[in-house]
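The chains referred to below are lettered A, B, ... by the order of the sequence lines, with proteins before strands, and numbering in each begins at 1. What you see is a predicted model; the values in this text were computed from it and never measured.
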Amino acid sequence: MTDSKYFTTTKKGEIFELKAELNSDKKEKKKEAVKKVIASMTVGKDVSALFPDVVNCMQTDNLELKKLVYLYLMNYAKSQPDMAIMAVNTFVKDCEDPNPLIRALAVRTMGCIRVDKITEYLCEPLRKCLKDEDPYVRKTAAVCVAKLHDINAQLVEDQGFLDTLKDLISDSNPMVVANAVAALSEIAESHPSSNLLDLNPQSINKLLTALNECTEWGQIFILDCLANYTPKDDREAQSICERVTPRLSHANSAVVLSAVKVLMKFMEMLSKDLDYYGTLLKKLAPPLVTLLSAEPELQYVALRNINLIVQKRPEVLKHEMKVFFVKYNDPIYVKLEKLDIMIRLASQANIAQVLAELKEYATEVDVDFVRKAVRAIGRCAIKVEQSAERCVSTLLDLIQTKVNYVVQEAIVVIKDIFRKYPNKYESVIATLCENLDSLDEPEARAAMIWIVGEYAERIDNADELLESFLEGFHDESTQVQLQLLTAIVKLFLKKPTETQELVQQVLSLATQDSDNPDLRDRGYIYWRLLSTDPVAAKEVVLAEKPLISEETDLIEPTLLDELICYIGTLASVYHKPPSAFVEGGRGVVHKSLPPRTASSESTESPETAPAGAPPGEQLDAVPTQGDLLGDLLNLDLGPPVSGPPLAASAVQMGAVDLLGGGLDSLMGDEPEGIGAPSFVAPPAAAVPANLGAPMGSGLSDLFDLTSGVGTLSGSYVAPKARLRSGFGHTEASLSRAAPAVGHPEAGTPGRPGRVLLLIPRLTWSSPGGPGRCGPSESPLQVWLPAMKAKGLEISGTFTRQAGTISMDLQLTNKALQVMTDFAIQFNRNSFGLAPAAPLQVHAPLSPTQTVEISLPLSTAGSVMKTEPLNSLQVAVKNNIDVFYFSTLYPLHILFVEDGKMDRQMFLATWKDIPNENEAQFQIRDCPLNAEAVSSRLQSSNIFTVARRNVEGQDMLYQSLKLTNGIWVLAELRIQPGNPSFTLSLKCRAPEVSQHVYQAYETILKN
Amino acid sequence: MLRGDARGRVPDWGGGHSGRSGRRRRRPCCRGDAGLSICRGFQTEKDSLRSLTVSTMIHSLFLINSSGDIFLEKHWKSVVSRSVCDYFFEAQERATEAENVPPVIPTPHHYLLSVYRHKIFFVAVIQTEVPPLFVIEFLHRVVDTFQDYFGVCSEPVIKDNVVVVYEVLEEMLDNGFPLATESNILKELIKPPTILRTVVNTITGSTNVGDQLPTGQLSVVPWRRTGVKYTNNEAYFDVIEEIDAIIDKSGSTITAEIQGVIDACVKLTGMPDLTLSFMNPRLLDDVSFHPCVRFKRWESERILSFIPPDGNFRLLSYHVSAQNLVAIPVYVKHNISFRDSSSLGRFEITVGPKQTMGKTIEGVTVTSQMPRGVLNMSLTPSQGTHTFDPVTKMLSWDVGKINPQKLPSLKGTMSLQAGASKPDENPTINLQFKIQQLAISGLKVNRLDMYGEKYKPFKGIKYMTKAGKFQVRT
């Protein structure tokens, strides 16, 4: 006698059978058949074919049958719009039925049938129902207006339903008021500009009255609506708070949280001196604590919100630490959230208790939780300075347990503690070193290596320890390899005499045997540093590191303020403003806390002052959480290379005497070093010669790959050869160089993309050396801020290397969700720039992760003149959405390598171009002389055709060619001693002149 | 140029009912091949998404059993393909236990909010910014309603009553707005199935759908129907307190709090107006009331004044926080030790009363998750029965009553994996118990008065204390 009988089917075919039954004369059989249809629907079977037969059953006085048919209609009307019309008459008739239940049912079902043709017929019945004598019908009709608005907004406005709906806010029945508010909020949400809910003190008063009387769900709508209101002064705010406070005792947790939102928001307007402010604070704590005794799912949402509340007003829950203690059988997602809040509430007063708890958690079974607990101990140490010692000893206790993952996690956090309190707890290093062998996770290994490197001078066998890691260098993860490289360089700078071989070994492993560009780049940088100026190297590598901050994952204040306005919503669960993740964020309005417009403006404490943003002001909150976190975790991933810039002369010399002199002076290994240059000089000289580039353009030159494979291998070989000679090897560097041509990287002509990656990275990491980066590298610009792109931040720059233009992108995921499926596309532009390859992000981009990509560009795309000429509109897509941004590219990326014009040709062309096409510019404050200017410009493919000296002034005649074949001729007048140059440009397409001038500026001043 | 006009495009949700065969299907990474067509492709997709964005509170509901089968789906707006549940299944696979599936799961176009009750996942699909607590509270209400209707809430029962379930769900939510969630009212709209009624319906052809508007729904007291009549007028109140506590190794209390409720069963004729007063109302500083309670009266006089719903309801729930001193009625003495050398460990626990105000502790059960390294246990209880599951490593000891003269104990040895090092974690002991006639917080009802009706009702108050999450660390 159960409904499962409706699932049984016969062999004839279900649909066929049902059809027959639906058309049966017997009422009872019909009803049973409709039930069978509904049952099929519930399990996702498609029974839309029965539409006409089911609709035929609609004309009945049996309410259950009617309801069942209506259920069916709602599901399938959309797929059979023409058939659905058949039902209209019955609907209209039912809306006149004497039974209010049937009237309401009809109007409700009609609203759910999302078919345009039906909506026309809906208007009249709906109008009647909105004014129905029965409140049950009115409240159903109110919701129906929202449904109809969703289908056809214009119709609703034209028919004046919105005004009727507004009138319902003053209805005598609280349920009708609540539904009217809900419907209006829903409509307002999709049309933020409509100003439907113009809240004023009178309407607020009505809402507050209805609040006490309507159902729990209605209360939520009303409270959420109240939260959007900005009271005119603190008195009004207080009176609203007073009337909302009783809701904190509601049994429905959603009501409680909505009430908390209203209070948290309006509290902002109350002066802290007010007695009422204190009372309110006290009232907030108990309901929040109560939420934590609810079901785990509710707890989770509550905890995410409490996390925001304790960041905004820590005083609310400062005495309630114990309720966040983790219970053994809490679900893991609750445990992790509780732990987070425990750390936020940790203070000197309760740290002992917290630590005891954390230590207890560290012996639990769940590995993720244990790890987080151990991390939490580290965070306590960093947050509460007085407890640091106790935390360290707790961590040492945990290390003694020898539980593998506990030990590893402990070592990772001890590294952070060392960063926060340098030179304080080194005594524990010995204990840490005992556990060296048990470390198998990259992060722990990297942390341990960092510690050894950082304190190398105090660890007697630091070289042995590091050497032991070096054995399996290639099997290590990148993180460990990088750390090992840095640590050994540190060690070398601290104990140069004993560790030459070690450093040599690691440098060669990193630069030659590795195909990881990051590793090689870092290796080369260290190499160059050590070779050119060991003192500078010391300053750079052993520089004092900034202390890590205490609170590492606080939400940025403006974002926090915005999120406070979204307490209880999904935004508060994800700790992101809705605009960052709500799909098709139409009408997402930024909310901000109200300013404190106290009638008696009294002493504002500085803490709340920043929150006083004027209402309606858009909060440009940038989620910096990731950055702050990165600060803590990525310590020392790149040594602060921003230190002393390498002097130009040093580099020029370096090209001849790379490691030799430098290392020698460090090591006092004089004679061999002096002998070395004779071997070194040939390749060093040969490289630039091959390149056809002038000497002295610095780092980028050394690795410049302009002329293809031959030089490429040469440039790779060079440092190796030099190093060897620098260390006193007598073999000729050239003979050494020969076998290295077979190096897979250098010898494979088909992989220019890979090699290209090297250069921009290299230059990015050394922003301290201006001019040496080659002119085309400009620092990364943020093109697309994370706020505008649902958490994806894109920064980038354009470069031209070896005739290839590339767009170097840095994609950062600041959302909480993994990003995949990246693709890029350019709009048509002036020079036909287009991606030459798809945007390849190999692994999904997980939160807070950054990936750097060099996207090769071609100029073969379609052309359309843009304004300004060098603007580029880009669309980037990922699994979340499509984002658009536009950027300006520097024109010099378009200067081609064969832009040197023949002298005669130059003269002829110069004359040929009419004078009105000539444009003159001043380049100010450029301290270079004519040679330097010429060579620097040449490296950016602006070629000096001729040079004359007229009355003490240097006149440079230059030419350049753009990718689309446009020639630009230039005359550059340089007066010795005068930093201002005069640039005259002649071109057949004068509109490019301005941009060429800008390119000159960039190249010369960069 | 970049903005293509994509109005009027019909959204495509991958339609149909692909079922689980359609799992792991993702949107293609990129459309179009040359020129700007990609851009336009992007744009269309985006716009079509926009046109789909309808602000509905709860879009759809899926019921999923723990083996990952969808056995019921209900849509309140357009049909959302069940392939959206794939994201839920992924989360389910990742979580080690069903309890650990996160309650909020984002998918590219929807959010999935779920609760896990009675071994069923209730998964709500939402598409816009909605208060998640709203949804989760609603889902709980759905569970409660099913339980109220069918006695138990389980997959077979829901399948057996699928039509009623569907009708009830339709009644509970309209366009995503909760419509009727009080089971009193629902039961008037849709009659719960009983064997008798099914038989009668079959014979007479009448239905289980009420054709009258529930009377209470729009009155000032929506929770009570009018015209209630009883021959025996009675009002019972149960004060039930649960202690949540964490006790550390040495037996001292780390945290202890009390979750209390007053559940009522009121069967009174007419419109009675009740007041309930307490001996020590100061204990109740953190309370949540049934909507029937007049809050003003409580604020000013600390008296509960209310017109009760008819039948069973929860009048009040309260919380006595960790800051107040909470009496702990039991203690556990334990000695669980592993030795490094031996493959045998010692196990001994004793349970005894403490601060029980002279009442007996009954229904005591001790459970403990033993470390993985424990192969088996050989134990002797002084009373009750015990079991140890060598697969799940769960020890449970059904103690029964505690006799203060002869304390129950469980002693013996644990055999560990030979050669394995001693386990890292210490087992936590979970305790269940009941104490009749005692509210451990000390809460006492002073008197219950009735106004508005003339008859004299029968009144009763019962007290009980239970263990909630009561954990002893070892």
Side-chain angles (χ1 to χ4, degrees), chain A residues 1-4 28 35 38-39 42 44 63-64 67 71 100-101 108 135-136 143 147 150 182 186 189 217 220 246 249 251-254 257 286 289-290 293 297-298 300-301 322 325 327-328 331-333 363 365 403 568-570 573 578 582-584 817 821 823 825 827 873 875 877 879 882, chain B residues 1-2 17 29-30 35 38-39 42 46 49-50 53-55 72-73 82 99-100 102-104 106 108-109 111 115 129 131-134 136-137 159-163 166 170 174-175 177-178 198 205 207 209 211 213 218 246 255 259 286-289 295 319 321-322 424-426 428 469 471:
Chain A
M1 270 300 152
T2 68
D3 291 349
S4 47
E28 202 46 38
K35 281 192 178 180
I38 300 288
T42 62
L63 188 58
E64 186 180 21
K67 276 193 175 182
L71 272 176
L101 201 57
R108 179 177 151 202
Y136 182 76
V143 175
K147 294 181 201 167
D150 190 41
E186 187 183 314
E189 206 168 281
W217 312 109
I220 299 169
S249 299
N252 185 320
S253 59
L257 208 54
V289 170
T290 305
S293 52
E297 296 92 354
L298 296 172
Y300 171 74
V301 177
K322 281 184 172 181
F325 284 180
K327 300 209 172 79
Y328 170 71
I332 181 73
Y333 55 81
T363 62
V365 193
V403 180
T569 66
L570 274 177
V573 173
V582 169
E583 188 127 276
Q817 125 187 45
D821 305 344
Q825 185 69 40
N827 199 356
Q873 290 170 312
K877 169 192 170 297
N879 58 331
V882 189
Chain B
M1 205 51 230
L2 277 163
H17 309 278
C29 138
C30 187
I38 289 185
C39 280
F42 288 166
K46 191 170 169 182
L49 286 179
R50 290 211 163 163
T53 309
V54 275
S55 16
L72 187 114
E73 56 180 286
R82 48 166 69 188
E99 286 82 7
N100 287 340
V104 185
H109 308 295
Y111 286 85
V115 302
E129 176 61 273
L133 278 187
F134 183 110
I136 293 173
E137 277 278 0
K159 278 184 173 163
D160 282 351
N161 294 287
V162 69
V163 175
Y166 224 60
E170 184 61 31
D174 174 22
N175 195 41
F177 298 117
T198 321
T207 71
V209 171
D211 54 4
L213 195 60
L218 291 153
I246 303 175
T255 168
Q259 313 292 343
D286 181 5
V287 283
S288 311
F289 296 120
F295 192 74
H319 176 251
S321 74
D424 308 318
E425 71 265 17
N426 302 321
T428 301
K469 285 188 168 182
Q471 310 186 337

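Closest approach of B:His319 to A:Thr290, counting heavy atoms only: CB-OG1, 3.9 Å. Here the shortest heavy-atom pairing between B:Glu137 and A:Ala254 reads CG-N, 4.1 Å. Here the closest non-hydrogen pair linking B:Glu99 and A:Tyr333 is O-CE2, 3.4 Å. Minimum heavy-atom separation, A:Gly568 to B:Pro132: O-CD, 2.9 Å. Considering every non-hydrogen atom in both B:Phe134 and A:Trp217, the closest pair reads O-CZ3, 3.8 Å.
Both the backbone and the side chain of A:Ile332 come within less than 4.5 Å of a heavy atom in chain B. A:Ile220 touches chain B through its side chain: at least one heavy atom from C-beta onward sits under 4.5 Å away, while N, CA, C and O do not. Residue B:Phe289 touches chain A through both its backbone and its side chain, counting heavy-atom pairs closer than 4.5 Å. Using a 4.5 Å cut-off between heavy atoms, A:Tyr328 contacts chain B through both its backbone and its side chain. Only the side chain of B:Gln471 comes within contact range of chain A, with at least one heavy atom under 4.5 Å from a heavy atom of that chain. Only the side chain of A:Val573 comes within less than 4.5 Å of a heavy atom in chain B; its backbone stays farther off.
Note that the CG atom of B:Asp174 and the CZ atom of A:Arg108 stand 4.5 Å from one another [nearest 0.5 Å]. Note that the NZ atom of A:Lys327 and the OG1 atom of B:Thr428 stand 13.0 Å from one another [nearest 0.5 Å].
Counting heavy-atom pairs closer than 4.5 Å to chain A, the top residue among B:Asn100, B:Leu72, B:Ile246 is B:Asn100. Ranked by heavy-atom pairs shorter than 4.5 Å toward chain B, the options A:Ala251, A:Pro286, A:Ser249 are led by A:Ser249. Looking only at heavy-atom pairs under 4.5 Å with chain B, the residue among A:Ile38, A:Asn879, A:Leu298 that has the most is A:Leu298.
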